[in-house]
Amino acid sequence: MIDEKQISEIVRKVMSDMGAEAAPKRKQLGVFDTMEEAIEACNKAYELFRYYNKEQRENIIKEIRKLTHAEAEIMAKLAVEDTKMGNVYHKTLKHHLVADKTPGTEDLETKALSGDRGLTLIEMAPYGIIGAITPSTNPSCTVICNSISMLAGGNGVLFNPHPHAKRISAYAVDLVNRAVLAAGGPENIVATVANPTMETSNMMVNHPSVKMLVATGGPGVVKMLLSSGKKAIGAGAGNPPVVVDDTADIPKAAKDIIDGCTFDNNLPCIAEKECFVMNNVADELISGMLKNGAYMINAEQTKQLEKVVLVEAPPKKPGDKPKLVINKDWVGRDAKKILAQIGINVGDDIRCIICETEFSHPFVQTELMMPILAIVRCNTFEEAMEMAVKAEHGNRHSAHLHSKNVDHMTAYAKAVCTTIFVKNAPSYAGIGFNSEGHTTFTIAGPTGEGITSARSFTRQRRCVLVDSLSII
Ligand code: NAD
């Protein structure tokens with residue numbers, strides 16, 4: 001006799017093995033042909049959802065967590081197929097992280113002030129309908145993470161995902177709606193369009209029903225939302241430097257840096273993008289990296305690689321120099337495939353390309369989002385720190401350090417001013433992976449909400465009762 005649990009496990013395994021084939025052929029829930037239809041449906045759902053109490057919202061979130069765990073592998077495979085970026089195993093882990101560590105309604109706190117003149121309550125209330133723009137790099141993770149946080153806050157959500165990740169983003173919106181329905185909630189409280197474009201984005205941003213905007217992506221989209229005239233949260237680009245000083249546990253630093261830099265092929269915005277190491281430990285660090293799946297290329301090969309992964313963008317104004325920008329074809333691709341482009345054939349054990357460069361090299365200055373790590377030798381810790389601060393470009397996003405010197409930790413943290421600062425661990429510790437603290441896939445540096453959670457998507461409301469209910 002096979003019991004129900006075994007049957008659902010077999011179904012889950014078969015669906016997972018099928019990958020994209022498992023994407024439903026039926027009309028997906030919450031996915032509309034036009035943004036007008038999505039807005040109308042979300043508005044209708046919100047009229048019911050706005051009266052849901054925290055227990056009802058929490059029941060929905062519990063279902064979202066359950067389905068995310070169950071379909072983590074399916075989504076990881078579909079995301080890789082859809083975007084051609086990243087790594088199925090790491091994407092699966094990312095979905096489990098979102099399901100486990102995105103806070104729910106427990107994140108909402110009421111403040112009560114009582115005294116001689118009565119009682120005042122300050123509560124975290126929904127904004128209403130939130131318009132969220134999501135990236136191609138963590139597509140379904142961001143949709144699910146934002147949905148948990150925003151629904152916990154009592155909001156409805158419209159998504160305009162990256163066009164290159166539209167299938168996987170629609171899958172995630174459907175999953176959230178399935179969870180909402182299973183918990184007895186209203187269909188379409190999370191909605192999107194099947195074909196997101198700039199026009200659907202503009203319609204969402206400018207629609208009067210949309211009361212708050214959230215952008216997770218590069219500088220263009222954050223700038224656009226911040227000029228919308230609406231309350232907006234911007235989670236923008238980073239270029240996280242990692243510094244290694246001569247007090248660090250160097251073999252551990254080497255492994256941690258390669259683990260962080262290669263996680264999901266360097267797609268996470270928090271991942272190590274360039275390394276500044278003190279000269280007296282540089283050889284040991286590089287040798288440790290080579291033992292952990294790194295492949296070192298020489299100066300000539302680095303030049304060849306530049307031609308593959310960077311392209312010239314036309315100057316914005318006449319007279320400006322053309323700027324080198326990333327060739328999106330190579331974002332989030334395997335190190336092995338990138339190396340093959342310059343005639344180097346390696347096995348599957350190679351997961352990172354390392355090279356020694358000057359500070360001014362584009363591999364240091366550009367947010368590549370590829371498993372390529374430029375290493376710059378520095379004479380002193382102070383020099384390394386200064387270069388790291390400059391390479392972060394004032395994004396205030398993430399920076400990392402391997403050191404046992406508390407003065408170095410303090411000085412670097414003060415100088416770099418980032419939202420996330422990880423010491424002696426891979427960068428992903430900054431979003432709660434194998435570390436303390438909750439997770440998010442929307443790290444709001446520019447607007448200051450930081451590691452967003454339900455409370456970030458609420459507004460404070462004050463309720464005052466004068467001369468009563470202070471009971472002392
Ligand atoms: P992207 O900026 O190309 O796209 C992000 C989203 O914005 C997409 O939905 C896209 O369609 C939209 N978009 C882009 N430019 C726009 C504009 N001018 N007007 C309206 N919409 C616009 O980014 P991507 O390649 O998908 O993701 C990678 C970037 O996102 C990196 O820079 C990375 O650092 C950043 N990112 C940041 C966070 C964070 O939490 N801070 C998380 C993930 C990714």
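Counting starts at 1 for both ligands and their atoms, following the listed order. FYI, side chains are in, hydrogens and waters are out, and symmetry mates aren't considered; it's all heavy atoms of this structure.
At distances below 3.5 Å, not a single donor-acceptor pair connects side-chain atoms of Glu187 with backbone N or O atoms of Leu181. Distance alone, capped at 3.5 Å, places no donor-acceptor pair between the Asn146 side chain and the Ala132 backbone. Panel note: side chain Asn138, backbone Lys91; no donor-acceptor pair is recorded below 3.5 Å. No donor-acceptor pair under 3.5 Å is formed between the side chain of Glu36 and the backbone N or O of Glu40. Remark: the backbone N or O of Ala170 is not paired with any side-chain donor or acceptor of Asp174 at under 3.5 angstrom. The backbone N or O of Thr134 sits nowhere less than 3.5 Å from a side-chain atom of Thr216 that would complete a donor-acceptor pair. At distances below 3.5 Å, at least one donor-acceptor pair connects side-chain atoms of Arg455 with backbone N or O atoms of Asp107. A distance-only check finds no donor-acceptor pair linking the side chain of Asn265 to the backbone of Met370 [under 3.5 Å]. Under the 3.5 Å distance criterion, the side-chain polar atoms of Ser398 are left unmatched by any main-chain donor or acceptor of Pro240. Remark: the backbone N or O of Leu78 is not paired with any side-chain donor or acceptor of Asp82 at under 3.5 angstrom.
Remark: Glu386 engages Lys390 in a salt bridge (charged side-chain N to carboxylate O under 4.0 Å, His left out) (not counting sequence neighbours).
Residue Met369 places no N or O, backbone or side chain, under 3.5 Å from any N or O of ligand 1. For the pair Ile443 and ligand 1, the shortest N or O to N or O distance falls below 3.5 Å. Of the polar atoms of His162, at least one N or O is found under 3.5 Å from an N or O of ligand 1, judged by distance alone. Taking only nitrogen or oxygen atoms, main chain and side chain alike, Thr134 reaches within less than 3.5 Å of ligand 1.
In this structure, atom 2 (O) of ligand 1 lies nearest to the protein heavy atom Gly218 N, 2.8 Å. Nearest protein heavy-atom contact of atom 13 (N) of ligand 1 is Val221 CB, 3.6 Å. The closest protein non-hydrogen atom to atom 33 (C) of ligand 1 is Glu367 OE2, 3.4 Å. Looking at atom 39 (C) of ligand 1, its nearest protein heavy atom turns out to be Cys269 SG, 3.5 Å. Here the protein heavy atom with the shortest distance to atom 12 (C) of ligand 1 is Ile133 CG2, 3.8 Å. Counting only heavy atoms of the protein, atom 24 (P) of ligand 1 lies nearest to Ser136 OG, 3.6 Å. The protein atom (non-hydrogen) at minimum distance from atom 44 (C) of ligand 1 is Thr137 OG1, 3.7 Å.
Residue-ligand proximity, His397 to ligand 1, at heavy-atom distances under 4.0 Å covers atoms 39 (C), 41 (N). For ligand 1, the atoms sitting less than 4.0 Å from at least one non-hydrogen atom of Gly238 are 34 (O), numbered in the order shown with element in parentheses. Residue contact check: Gly236 has heavy atoms under 4.0 Å from atoms 37 (C), 38 (C), 39 (C), 41 (N) of ligand 1. Below 4.0 Å from some heavy atom of Lys328 lie the following atoms of ligand 1, by number and element: 3 (O). Near Met198, with a cut-off below 4.0 Å to any heavy atom, the atoms of ligand 1 are 16 (C), 17 (C), 19 (N), 20 (C), 21 (N), 22 (C). Residue Thr442 approaches ligand 1 through these ligand atoms, each under 4.0 Å from one of its heavy atoms: 40 (O). Heavy-atom proximity to Pro163, at under 4.0 Å, picks out these atoms of ligand 1: 11 (O). Close contacts between ligand 1 and Ala237 involve ligand atoms 32 (O), 34 (O) [criterion: under 4.0 Å to a heavy atom].
At a 4.0 Å heavy-atom cut-off, ligand 1 touches Met224 through the side chain alone. Counting heavy atoms under 4.0 Å from ligand 1, residue Asn138 touches it through the side chain alone. Contacts between Ala165 and ligand 1 below 4.0 angstrom, taking non-hydrogen atoms only, are absent altogether.
Ring-plane geometry between His69 and His96 is classed as parallel, the angle between the planes falling under 30 degrees on a 0 to 90 degree scale with a further cut at 60.
Note on residues 349-376: pairs passing salt bridge (charged side-chain N to carboxylate O under 4.0 Å, His left out), not counting sequence neighbours, are Asp259-Arg351, Glu356-Arg377.
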